[in-house]
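A note on names: the letters A, B, ... follow the listed sequences, proteins ahead of strands, and every chain is numbered from 1.
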Number of protein chains: 2
Amino acid sequence: MTTEIAPQEPAAKPRIRDAEATKARILDAAKKEFAKNGLGGGRVDDIAEKAKANKRMIYHYFGSKEGLFQTVLENAYVDIRTAEQKLKLDHVEPRQALEKLVRFTFDYYLKNPEFITLVNSENLHRAKHLIKSEVVKVYSRKFVAMVEDILERGVATGVFRPGIDPVQLNITIAAIGYYYMTNRFTGSIVFERDLMTKDALEERLRFNIETILRLVAP
Amino acid sequence: MTTEIAPQEPAAKPRIRDAEATKARILDAAKKEFAKNGLGGGRVDDIAEKAKANKRMIYHYFGSKEGLFQTVLENAYVDIRTAEQKLKLDHVEPRQALEKLVRFTFDYYLKNPEFITLVNSENLHRAKHLIKSEVVKVYSRKFVAMVEDILERGVATGVFRPGIDPVQLNITIAAIGYYYMTNRFTGSIVFERDLMTKDALEERLRFNIETILRLVAP
DNA sequence: TTGTTAACGCACTATCTGGTTACTTTCTTA
DNA sequence: TAAGAAAGTAACCAGATAGTGCGTTAACAA
């Protein structure tokens, strides 16, 4: 420890302190890392590096790797549920509303593949992180209510048959898009065709809309 | 290290040598381990222990952790495709054949949840193991041909509409069962009901059959 | 200016993990 | 029955990996 004259760092960037920005960078990096490698395969060191943050900050803000994952997952659910609400389907003609929802769901999975991988990871862990989240439950209720409303209006105007369980319908709408995306790699091998070309995606979406409209038809 | 008189192990089990049995035990343990924790989360030491085999044997027979995973995955695909062929749907009335297939697919996922988790894991890794398998491609072709045959017969007898892509139909049949199972944990939270009770499962299967039959109806 | 708080970063560790080395035991066959 | 091949084992290793201890620095209030 010699007391040298420390050479003034020529342009020692004045480190800007911004807790919110750092948190956001960590969450963003974590979302990508967990989406790519799962919870088990994701590396805390890699997240810190990508986020241009120190690993210490991750533990400071999120407590643990699992705490970080939980926050990432919760945000992912809030994001999709928020986007769904923005569709304002309660003022759209029932059949059109359903078509819009099928289209939105498919596009959302296409443009946000991390959502799918995060949910898969969470199911591998038997949803033990999601169960702690109250926010997700609240948002989910609104979502189910939305589809319930569409169904009721459709039955009232006679364009839908009665007796359809909104939860089953919801699951089916999600399923026909989700499965296509999550299994796009093995699917392209099993069916010996590239499932992700523009044409293939358009064809699949048309098929999905047809599936749902036929399902609810009187 | 005193040179004691080593007490003769009273019944030192004569170690039985059986390569095939050991391989089988390793594969069985690996299937369970990978299904539970994914490829990244699965531990080779745990597999060895569960298989009552030495870790060295895993590397002797399968070369690496990924080699082991690849074999497990390939077997899983061969298993489901073999079971499907055993249905002998080519001699069943088209609508009944489709219903049988929907029912079989749903039940298979229910009774073999490892299949789903293994496929999910493989998709997380962009199917880089499955692409090496030639067997899977051969089996898959037979499977698609089977559904194609059902569709053609149904169109010929006028019970199905023409123009349905057998691949899209296949994907949909898989999707509505697969999604329900793979997301049963998060699903039970989001929809605030236990999706795995006997009643819930029966209801879902009925809904799936309805979905497919309506999809192909003229 | 000074004191306090919160943001930040380095360097470390205990433990784990896939993979290997060097060896013993059992089976087969010439 | 000798010899070699195949099956099996324990101990070990190098590199990772989640998590921490502790010191430093920016921001801001008094």
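- Distance, Phe69(A) CZ to dA18(D) C1': 16 Å, rounded to whole Å.
- The closest side-chain donor-acceptor pair between Tyr108(A) and Asp79(A), if any, does not fall under 3.5 angstrom.
- Across the protein-nucleic acid pair, Asp18(B) atom CG and dA7(D) atom P stand 10 Å apart, rounded to whole Å.
- Taken residue by residue, residues 22-58 of chain A places heavy atoms nearer than 4.0 Å to DNA chain D at Gly42(A), Arg43(A), Val44(A), Asp45(A), Lys55(A), Arg56(A).
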Look for any protein N or O under 3.5 Å of an N or O in nucleotides 3-6 of chain D and output each such pair with its distance, or none.
unit_1: dA6(D); atom_1: N3; unit_2: Arg17(B); atom_2: NH2; d: 2.3

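- Applying the salt bridge (Lys or Arg N to Asp or Glu O under 4.0 Å) test to residues at least two apart or on different chains, the pairs with a partner in residues 128-138 of chain A are Glu66(A)-Lys128(A), Glu134(A)-Lys137(A).
- Note on ring orientation: taking the six-membered ring where Trp is involved, the planes of Tyr109(A) and Phe115(A) are parallel (angle under 30°, cut-offs 30° and 60°).
- Under the 4.0 Å criterion applied to side-chain N and carboxylate O atoms, Arg193(A) and Asp165(B) are assigned as salt-bridge partners.
- For Ile80(A), the CD1 atom is densely surrounded, since the number of other residues' heavy atoms within 6.0 Å is greater than 12.
- In this structure, Lys32(A) contributes its side chain and Glu114(A) its backbone to no donor-acceptor pair below 3.5 Å.
- In this entry the distance linking OH of Tyr59(B) with P of dA22(C) reads 18 Å, nearest Å.
- Side-chain contact between Leu215(A) and Phe207(B) is present, with at least one heavy-atom pair separated by less than 4.5 Å.
- Residues Ser133(A) and Glu74(A) bring a donor and an acceptor atom of their side chains to less than 3.5 Å of each other.
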